[in-house]
Amino acid sequence: MRRLKRPLIVVANRLPVSRGPDGWEASAGGLVTALRPVIEEVGGAWIGYDDDPDEVPARVDGLACELHPVSLSEEQFHGYYHGFANRTLWPLFHDLVVEPVIDRRWWQSYVEVNRRFGEVLARVVKETDGEPVLWIQDYHLMMLPGIARGLVPEAPIGFFLHIPFPPPELVARLPWRDQLLQGLLAADAIGFHTRQYRDNFVRSVQRLFSGVTALGDKLILPDGRQVRAVAHPISIDVDEFSELAVSDATNQEMEELSEQFAGRTVFLGVDRLDYTKGIRHRLQSIELLLERRPELRGQLAFVQIAVPSRDDVKEYRELRTEVETEVGRINGRFTEPGHDVPVHYLYRGVPRESLAAYYRLADVMCVTPLKDGMNLVAKEFVTVQAAAEGAGVLLLSEFCGTAQEFGDDAVRTNPFDVEGQSYLMESALELDHLERAARMRRMAGSVRDADVYRWVSDELAGIEPGSRGP
Ligand code: ADQ
């Protein structure tokens, strides 16, 4: 693990804490887990929005960093988060799965809110002993590197994009493309999940601005300043998931689920309820499969766990209705009298032990997004299965970052081809057991080789002050 000599200030849309039944606690999640040892050693701070800023404690147990909430008015949050981030950038950066909305007021809120984050950041930098390294996360804060460079010119700045970076033809549709890319280029290092996203970024910069040279990992700007653009795939805490896979609580859950689904082949989907995740297409493939193979109707169970997401946004509410209509239609068509339904739909987040038990239970895990930056569910699934010596099959969309790491060990699907996908689901069932187990071990091995600690380490190594230009 890379050790920083300077304190680290992380800036993200949200703070890494939530209010649990026993008060404020650190949120579970790869980024928080991976940063914990780094922050513990060097000290640091986390800046993020919270809708209850006056209540956020300065620190919480188990997370050795100061918490600095950014307070925003309802109107600012609406324009910046529900508007520009989630109805403009999100669909545009996910290859226009739905049409992005262009709204000047949202853009103004986005800039205003990024400035607001900048003010808090400048204050925190001033209060911090030593010269901190700044690490800004994700598409909500793409203007912040530029704002921060103006306020704290000497600080090393890194930025990581957790979603795909689209090709230049799509970036070109954004009226504020120049400002957004200039904002990013003020960072010392910009990280992406894959080489393809990184190359899309470099091509966009070169198309929009003249006099930019790409040399290895570096972009040399017309004023001589150098910016690193790098591909660092995010991952999970492998040890944590491997232990969780066989913990007593997970074994207990697994026993109950095995009983509930005894004798049935289980297909599983686990996603935030988001239109990029391909849930509707997946359901349609299941429907085609059950239509074509009537003998599977009582024998196959499809479990879709969908965690509620962004339900303040119109497209997400519509998606929920569409998914629930689809589930109802399939169950209405194919449930045999006196038998269980083919589709089990859980609209909620489930505790980690349950999640691990479902991963173990699945014969076929369907990770079939239309577009996805990386997709951690796939990595969690193979890690849990391998730890429990499972031999499930991973049906994996070719349009997510994870697909580039797993190669042919996953069954690769094009989720837009609903019928083709239904045939792949069928063929997944026919794979030989030994072959499945070997594939599972290889995929889990590749996740172990590049876990989330490696991601943090590589990212932080790229933000060294030495990367600044002459
Ligand atoms: P997300 O779009 O949220 O992340 P993903 O990477 O799959 O997608 O992470 C989802 C996380 O939520 C997983 O850790 C999963 O376990 C958890 N989760 C999902 N459904 C759940 C449920 N019903 N109950 C409990 N937990 C559930 C964004 C990008 C991704 C990128 C990540 C990290 O869209 O492409 O991989 O950031 O950079």
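In listed order, ligands and their atoms are each counted from 1.
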_Is the distance from the ring center of Y80 to that of W106 below 6.0 Å?_
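When the ring centroids of Y80 and W106 are compared, they turn out to be at least 6.0 Å apart.
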_Is the distance from the ring center of F399 to that of F416 below 6.0 Å?_
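Here the rings of F416 and F399 have centres that are less than 6.0 Å from each other.
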Within-cutoff protein neighbour (heavy atom, under 4.0 Å) for [atom]:
atom: atom 10 (C) of ligand 1; value: no
atom: atom 33 (C) of ligand 1; value: yes
atom: atom 23 (N) of ligand 1; value: yes
atom: atom 4 (O) of ligand 1; value: no
atom: atom 29 (C) of ligand 1; value: yes

I'd like the name of whichever of [options] reaches closest to [atom] through any heavy atom.
atom: atom 18 (N) of ligand 1; options: I236, L273, V270, T276; value: V270
atom: atom 35 (O) of ligand 1; options: D274, L346, D372, D138; value: D372
atom: atom 26 (N) of ligand 1; options: L355, N375, L376, I234; value: L355
atom: atom 8 (O) of ligand 1; options: K277, R272, R352; value: K277

*Could you tell me which atoms of ligand 1, counted from 1 in the order shown, lie closer than 4.0 angstrom to a heavy atom of V377?*
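Answer for ligand 1: 7 (O), 15 (C).
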_Is there a polar contact, in the sense of an N or O pair closer than 3.5 Å, between V350 and ligand 1?_
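Yes, V350 has an N/O under 3.5 Å of an N/O on ligand 1.
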*Using distance alone, determine whether G373 and ligand 1 share an N or O pair under 3.5 Å.*
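Yes, since at least one N or O of G373 sits under 3.5 Å from an N or O of ligand 1.
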*Report yes or no: does H94 contribute a side-chain atom to a donor-acceptor pair with the main-chain N or O of W90 at less than 3.5 Å?*
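At least one qualifying donor-acceptor pair exists.
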*Would you say the side-chain atoms of Q137 pair up with the backbone N or O of N13, donor to acceptor, closer than 3.5 Å?*
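Looks like no, no N/O pair under 3.5 Å.
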_Protein heavy-atom partner closest to atom 31 (C) of ligand 1 - residue, atom, separation in Å_ =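 Ranked first by proximity to atom 31 (C) of ligand 1 is H162 O, 3.8 Å.
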*asked:* Just to confirm my output: which protein heavy-atom neighbour is closest to atom 14 (O) of ligand 1, and how far is it?
replied: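 In this structure, atom 14 (O) of ligand 1 has E380 OE2, 2.5 Å as its nearest protein heavy atom.
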*Please lay out, stage by stage, how E315 and Y275 fare under the test side-chain hydrogen bond (donor to acceptor under 3.5 Å, both in side chains).*
CA-CA 8 Å; E315 286 80 5; Y275 52 76; over 6 Å; no
Could you see which bit of [X] sits under 4.0 Å from ligand 1, with heavy atoms only: side chain, backbone, both or neither?
X: W90; value: side chain
X: D271; value: backbone
X: R348; value: backbone

Take the angle between the ring planes of [X] and [Y] and call it parallel below 30°, perpendicular above 60°, tilted in between.
X: Y81; Y: F77; value: parallel
X: W135; Y: W455; value: tilted
X: Y197; Y: H193; value: perpendicular

Pairs under 3.5 angstrom only: tabulate donor-acceptor contacts from the side chains of residues 20-30 to other protein residues two or more places apart or in another chain.
from : atom 1 : to  : atom 2 : distance (Å)
S27  : OG     : P16 : O      : 3.0
S27  : OG     : V17 : N      : 3.2

_For A444 against V382, the heavy-atom pair lying closest together_ =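 Closest approach of A444 to V382: CB-O, 3.7 Å.
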*Answer yes or no on whether R352 is positioned over the face of F241, meaning its NZ or CZ is under 6.0 Å from the six-membered ring centre and within 45° of the axis.*
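That pair qualifies as a cation-pi contact.
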